[in-house]
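Below, all heavy atoms of this structure are taken into account, side chains as well, without hydrogens, waters or symmetry copies.
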Number of protein chains: 2
Amino acid sequence: MAQNTAIKVNETSRSAVGRDGVLDIAARLFREQGYGSVSLRKIAEAAGIKAGSIYYHFGSKDEIVAAVLDAGIRVVHASMRDAITDLRADTDGETVLRAAIRAHLHALLDVSDYTSANVRIFGQVPQSVRDANLPTRRAYEAEWDSLLSQLKKDGTLKQDVDIRRLRLMLIGTLNATLDWFDPDRGSADALSRTYADVFLNGILQRQDT
Amino acid sequence: MAQNTAIKVNETSRSAVGRDGVLDIAARLFREQGYGSVSLRKIAEAAGIKAGSIYYHFGSKDEIVAAVLDAGIRVVHASMRDAITDLRADTDGETVLRAAIRAHLHALLDVSDYTSANVRIFGQVPQSVRDANLPTRRAYEAEWDSLLSQLKKDGTLKQDVDIRRLRLMLIGTLNATLDWFDPDRGSADALSRTYADVFLNGILQRQDT
DNA sequence: GTCTATATCTGGATAGAC
DNA sequence: GTCTATCCAGATATAGAC
């Protein structure tokens with residue numbers, strides 16, 4: 001009886017990945033191989049089940065991709081928001097901005113297959129799937145706009161910066177690291193410091209130093 | 001006879017796009033729709049011929065994509081190199097860097113379907129096609145590294161910048177504009193000025209001003 | 001140089017047994 | 001919840017006529 005149970009557990013752990021397990025595997029494959037190269041057959045194989053079985057959990061491939069994309073933004077959004085709300089109320093603006101940058105890169109490069117999958121495949125999925133992901137993205141963009149507006153208001157940032165353009169430049173720059181980041185060449189944390197340095201102070205040698 | 005010729009010309013201009021014409025159309029479609037969504041049938045239809053006819057000009061779809069990718073880098077490389085070699089020998093470093101940034105964005109956003117197609121679909125094509133494009137990319141990267149090294153040497157840039165990392169950040173940032181750039185909201189030229197400002201001086205309000 | 005016709009393959013999706 | 005079997009659409013690629 002005890003042995004019987006043990007066998008059942010083994011069988012379960014191998015095949016009954018469940019809906020969330022399938023999503024985890026799909027996110028990892030999308031991050032590694034892109035959207036077009038990942039078929040339902042590949043996802044099923046990696047999950048240890050057959051392609052047809054996927055349809056017990058999801059109605060279509062689009063439904064899987066949409067779920068991955070939404071989770072990807074939610075993770076990075078939570079990471080960035082937590083990072084700045086955890087700070088003391090009197091923290092200076094520069095430190096807050098550095099924390100937000102670090103949190104975004106951390107989610108993208110260290111933590112989440114969902115976030116990296118989103119960044120990698122968003123431009124490859126059908127229009128309808130992109131559209132479904134837009135509300136979630138807008139919420140994250142609004143969080144950044146809110147932060148940057150505050151930093152502009154309190155005098156941390158130059159007064160002539162365009163908030164929207166700065167946000168697009170910032171997130172675009174951070175996301176682009178996904179194409180070449182290699183943990184063997186330096187941590188995401190160190191990278192975030194370099195990026196913050198450049199954004200905050202520029203790369204020009206200054207006479208006044 | 002004159003009419004006969006006219007008819008022939010019309011027929012020719014509609015269907016005999018030739019190898020280069022097919023490439024132009026393929027580049028435009030890849031830029032607009034990505035790699036996976038563009039079939040040979042779509043390319044052929046846009047070119048006014050049938051899918052099978054493509055194989056008179058190319059041996060495979062990969063061959064088309066590879067040609068588009070290579071041309072894309074060659075165009076932006078030439079644009080950037082010309083921009084900096086056209087300057088007087090005594091031009092200050094900051095101006096040279098601004099010219100290089102402007103040239104890259106100009107090729108990407110204003111001029112070339114090939115360059116924008118490359119940036120958009122490089123991460124979507126089969127590994128073998130990516131590999132075939134690498135030598136061309138390396139040459140362009142070397143051009144940037146050479147420029148940045150010179151600017152570091154002559155004291156334009158901070159002495160602690162990592163050339164490779166700065167190049168990756170710079171090109172990644174510029175390429176990311178492709179995802180959202182809208183000519184109705186401002187020219188690529190104006191955008192390049194904003195980007196150069198941020199990279200050179202940062203976004204922090206300075207006390208010493 | 002382009003056409004038609006077709007071979008071959010792969011992918012998403014469904015139905016019904018277990 | 002998962003399997004097998006199968007349908008169907010769409011894609012690359014080839015062959016031979018014109």
Side-chain angles (χ1 to χ4, degrees), chain A residues 5 7-27 29-30 32-69 121 124-130 132, chain B residues 5 7-26 29-30 32-69 121 124-129 132:
Chain A
T5 305
I7 290 173
K8 266 191 184 168
V9 169
N10 282 341
E11 279 174 355
T12 303
S13 67
R14 179 163 52 85
S15 66
V17 285
R19 186 187 155 103
D20 288 350
V22 172
L23 270 189
D24 283 351
I25 287 162
L29 292 178
F30 285 138
E32 290 171 352
Q33 305 177 24
Y35 174 74
S37 305
V38 176
S39 61
L40 292 181
R41 285 175 169 81
K42 272 192 189 176
I43 296 173
E45 191 189 11
I49 60 179
K50 299 294 177 182
S53 309
I54 300 266
Y55 288 88
Y56 175 79
H57 301 289
F58 302 92
S60 68
K61 184 183 182 183
D62 282 0
E63 195 181 311
I64 299 177
V65 181
V68 169
L69 291 184
I121 73 176
Q124 309 178 17
V125 301
Q127 183 70 44
S128 57
V129 178
R130 269 202 296 274
Chain B
T5 305
I7 288 173
K8 267 193 184 166
V9 169
N10 281 342
E11 280 176 357
T12 301
S13 66
R14 178 164 52 85
S15 67
V17 284
R19 185 187 156 103
D20 288 349
V22 172
L23 270 188
D24 282 352
I25 286 163
L29 293 178
F30 284 137
E32 290 171 352
Q33 305 177 25
Y35 174 73
S37 306
V38 176
S39 62
L40 292 180
R41 284 176 169 80
K42 275 191 186 174
I43 296 173
E45 192 189 13
I49 60 179
K50 299 293 178 182
S53 308
I54 300 266
Y55 287 87
Y56 175 80
H57 301 289
F58 301 94
S60 68
K61 185 183 180 183
D62 281 0
E63 193 180 313
I64 298 178
V65 180
V68 169
L69 291 184
I121 72 175
Q124 309 178 18
V125 301
Q127 183 68 44
S128 58
V129 178

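For D:dG10, the base has no donor-acceptor partner in the side chain of B:R41 [N/O atoms by modelled type, under 3.5 angstrom].
In this structure a side-chain-to-backbone donor-acceptor pair under 3.5 Å is missing from A:R41 to A:A51.
Residue B:L40 contributes atom CG, which lies 9 Å from atom C1' of D:dA13 at whole-angstrom precision. Computed from coordinates, the B:I49 CD1 to C:dG1 C1' distance equals 9 Å when rounded to whole Å. Taking atom CD of A:E45 as the reference point, atom P of D:dT4 lies 13 Å away to the nearest angstrom. The distance between atom CD1 of B:I43 and atom P of D:dA13, rounded to the nearest whole Å, is 11 Å.
For B:E45, the CD atom is loosely surrounded, since the number of other residues' heavy atoms within 6.0 Å does not exceed 12. Under a cut-off of 6.0 angstrom, the local environment of NZ in B:K50 is sparse, with at most 12 non-hydrogen atoms contributed by other residues, nucleotides or ligands.
At a threshold of 4.5 Å between non-hydrogen side-chain atoms, the residues A:V22 and A:R19 do not count as touching. Side-chain contact check for B:K61 versus B:Y35: some heavy-atom pair is nearer than 4.5 Å.
Near DNA chain C, meaning a heavy atom under 4.0 Å from it, residues 54-67 of chain B has B:Y56, B:H57 in order of number.
A side chain to side chain contact (heavy atoms under 4.5 Å, CB included) with B:V38 holds for exactly one of B:I121, B:I43, B:V65, B:I64; it is B:I43.
Applying the 4.0 Å criterion to OP1 and OP2 of D:dG1, one finds that A:S53 has every side-chain N and O outside that range.
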